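Below is one structure, written out as structure tokens; the observations come after it.
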Amino acid sequence: MIDHDQPANDKQAYIFIAVTGLVIYFLSAEVPRFADDYCRAIPSFLLVDFPGLLLSEYENWTGRIPTIALTYLAMSTEYGLFWFHLLNGVAVSAMLVVVWRQLAHLNDIQRMACLFLGCSLLWFAPHRLGEVMLWKSGAIGYLWGCVLALVVVHLFWSRLGLHIRASQNPSPRLGAEVLIAILSLIAAAWLEHLSIAIFAAMTLMFAWFQRFRGPIPRGAWLVFAGWAMGMLFLIAAPGNYVRASQIGYVDDLPLRLLHVISVSWHQLTPLMFLTVAYAVTAIVAGYLRFRQVSLVLFPLLLALIAGLTLVALAAAPSPAVVGRALFPFEFFMIMAALMVTGNLLAARNNEGASWQSSAIHPSVVIGGSLCLLVTLVDLTHAGLTYHELNLQNTQRDELLRASPARLASTTDDRPAITLPPLRVRAGLFHDEHSSRDGSRVAGRIYIRDITPDPAHWRNRCFADAQGISSVILDRSANL
């Protein structure tokens, strides 16, 4: 039995959610552009050329058209970066709204504690948080894709009428259902392994529903149909196979699975392993204790999606791409842990009494608040680090504008501009690092600078975006 007669007061939660989005907006604005950001920056960008550009990407590189389109718009248009920073904050806020609405059967204090815990896990648990949430191309490709997928899964769940709180199951309206199906189509065309994983999970969910609940509602079919079309559009792109041939496709499924397992084992953080262990244990123990499918079904669906992303990731052209592509697994496993926590907090025994001791509820609130406090401290350190990095990047831009005084060598009879490396000081949870020592992709601080090789793809993209002939990193120089 689950207590779903708790009072609802959303005002404080939505203030917190809005403030969180605002914090991410300002933090995103401090992160300089790196690597692929410059590859998608076209100095003479014209909207009339946009369809042809996307068609070329679809045929020659990737089927992720929504991702590519938004990246080009963010990097190449006048106010593109402003809209990116704003939408990056909106993405995090949308994730928290889904968590808040899914846990409507809890009282407000418990729900807020779950929000605090969710923010802390999302900040600390992923191995490459800076790369997939703050770096501009990475956030569009991974954070936005995962949040959109979560929204679609939330809507799919409500169309099946499986929300614990009945008021969360809206009566279907055809116009709204069609719009949701279109959203589902767009979200499915974002990431290959996430798209395949959710398609498989929806299929299994349909099989369970048909067996135990009866006919599948029209709204759920529309969401599923939209997702199926988006997935087919994504994986059928000729560019996927062109990219695979260029990167080096390993045509051995057991070997690819071994690569995914190996990279996952070495790159997932201890906190992420703990989150996975907790989510799986809580789902199994919760069902064995209460024998209520509704208590664990949605967390189980999220955990299933997370696991299936690892299986689908085995189709990646090269193990080198596995690193940041683990984020969907991390994201949906964090969501599963949050949902099962909320459901267990609301669980009641057969007599209608709470199963927890009187210390459980205060412990959850205190624990969630302490997690948020630690997160705020580290987030402040990360924000100051990125602010300093942004100032250094601005100084380099000034050096770039004064390029005649910076000529140091030639490449193919053209002057190559030299730039000094970027440097970050040690913070609360990160070490000192300089881009003269290479890239930094792990943790909250992300740096992927140009190199001493003018022919390197990052150098070429940087030079093209800045309208210069070539550029190199001078490891011996300092700002």
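Since this is a predicted model, take the numbers as computed values, not measurements.
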Checking [X] side chain against [Y] main chain: does a donor-acceptor pair fall under 3.5 Å?
{"X": "R475", "Y": "R436", "answer": "yes"}
{"X": "S76", "Y": "R40", "answer": "yes"}
{"X": "H266", "Y": "S262", "answer": "yes"}
{"X": "R458", "Y": "A35", "answer": "no"}
{"X": "R33", "Y": "K136", "answer": "no"}
{"X": "N459", "Y": "D453", "answer": "yes"}
{"X": "S435", "Y": "P421", "answer": "no"}
{"X": "Q392", "Y": "R423", "answer": "yes"}
{"X": "S93", "Y": "I17", "answer": "yes"}
{"X": "T385", "Y": "H381", "answer": "yes"}

Is a donor from one side chain sitting under 3.5 angstrom from an acceptor on the other, for [X] and [Y]?
{"X": "W123", "Y": "T375", "value": "no"}
{"X": "H127", "Y": "E330", "value": "no"}
{"X": "T71", "Y": "S137", "value": "no"}
{"X": "Y386", "Y": "S28", "value": "no"}

Do NZ/NE/NH1/NH2 and the carboxylate oxygens of E177 and R218 come within less than 4.0 Å?
no
Quick one: do R324 and E131 make a salt bridge, cutoff under 4.0 Å?
yes
Rounded to the nearest 0.5 Å, what's the gap from [atom1] on [X] to [atom2] on [Y]? Could you check?
{"X": "F124", "Y": "I334", "atom1": "CZ", "atom2": "CD1", "value": "12.0 Å"}
{"X": "L143", "Y": "L134", "atom1": "CG", "atom2": "CG", "value": "9.0 Å"}
{"X": "L422", "Y": "D449", "atom1": "CG", "atom2": "CG", "value": "4.5 Å"}
{"X": "R444", "Y": "R128", "atom1": "CZ", "atom2": "CZ", "value": "14.5 Å"}
{"X": "N88", "Y": "L81", "atom1": "CG", "atom2": "CG", "value": "11.5 Å"}
{"X": "D10", "Y": "I15", "atom1": "CG", "atom2": "CD1", "value": "11.0 Å"}

Check the pair F273 / W265 against ring-ring contact (aromatic ring centres under 6.0 Å, His included), numbers first and verdict last.
CA-CA 9 Å; F273 278 115; W265 178 258; 5.3 Å; yes
Geometric class of the Y25/H85 ring pair [parallel <30°, tilted 30-60°, perpendicular >60°]
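Geometry flag for Y25 against H85: perpendicular rings.
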Over 60° means perpendicular and under 30° means parallel, so classify the ring planes of F327 and F331, tilted if in between.
tilted
Evaluate the criterion side-chain hydrogen bond (donor to acceptor under 3.5 Å, both in side chains) for residue pair Y72 and T77; output intermediate values, then yes/no.
CA-CA 8 Å; Y72 272 120; T77 57; over 6 Å; no
Non-hydrogen side-chain atoms of D474 and L419 separated by less than 4.5 Å
no
Begin from the C-alpha positions of L326 and L313 and carry the test side chain to side chain contact (heavy atoms under 4.5 Å, CB included) through to its verdict.
CA-CA 8 Å; L326 289 175; L313 193 55; 4.1 Å; yes
Picking from V340, L301, L150, L122, what satisfies side chain to side chain contact (heavy atoms under 4.5 Å, CB included) with M335?
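The residue from V340, L301, L150, L122 that satisfies side chain to side chain contact (heavy atoms under 4.5 Å, CB included) with M335 turns out to be L150.
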Please determine which of L194, V260, L268 meets the side chain to side chain contact (heavy atoms under 4.5 Å, CB included) test together with F329.
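Only one of L194, V260, L268 forms a side chain to side chain contact (heavy atoms under 4.5 Å, CB included) with F329, namely L268.
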Quick check: closest heavy atoms across [X] and [Y], and the distance to 0.1 Å?
{"X": "R440", "Y": "D431", "result": "NH1-O, 3.4 Å"}
{"X": "P43", "Y": "A465", "result": "CG-O, 3.8 Å"}
{"X": "P452", "Y": "I472", "result": "O-CG2, 3.6 Å"}
{"X": "W190", "Y": "G141", "result": "CD1-O, 3.3 Å"}
{"X": "I305", "Y": "A201", "result": "CG1-CB, 3.6 Å"}
{"X": "I140", "Y": "T67", "result": "CG2-O, 3.8 Å"}

Step through it carefully: locate the ring centre of F233, locate the ring centre of Y58, and say whether they are under 6.0 Å apart.
yes
For W83, I'd like to know if atom CH2 has over 12 heavy atoms of other residues, nucleotides or ligands within 6.0 Å.
no
Less than 6.0 angstrom from the centroid, inside 45 degrees of the normal: does R448 satisfy that with respect to the ring of W135?
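The answer is no, since R448 fails at least one limit relative to W135.
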ring-ring contact (aromatic ring centres under 6.0 Å, His included), paired with F156, selected from F224, W227, W221, F206:
F206
Working note: W144 + F84, criterion ring-ring contact (aromatic ring centres under 6.0 Å, His included); need CA distance, chi angles, decisive distance, verdict.
CA-CA 11 Å; W144 295 15; F84 163 78; 5.7 Å; yes
Derivation of the side chain to side chain contact (heavy atoms under 4.5 Å, CB included) call for V296 and N343:
CA-CA 7 Å; V296 299; N343 288 355; over 6 Å; no
So V31 and N390, side chain to side chain contact (heavy atoms under 4.5 Å, CB included) or not? Walk me through it.
CA-CA 6 Å; V31 181; N390 199 21; over 6 Å; no
Mind running side chain to side chain contact (heavy atoms under 4.5 Å, CB included) on H456 and I450 for me, showing each step along the way?
CA-CA 8 Å; H456 193 280; I450 56 175; over 6 Å; no
Which is it for C461 and C39 under the disulfide bond (SG atoms under 2.5 Å apart) test, yes or no, and what are the steps along the way?
CA-CA 5 Å; C461 285; C39 297; 2.0 Å; yes
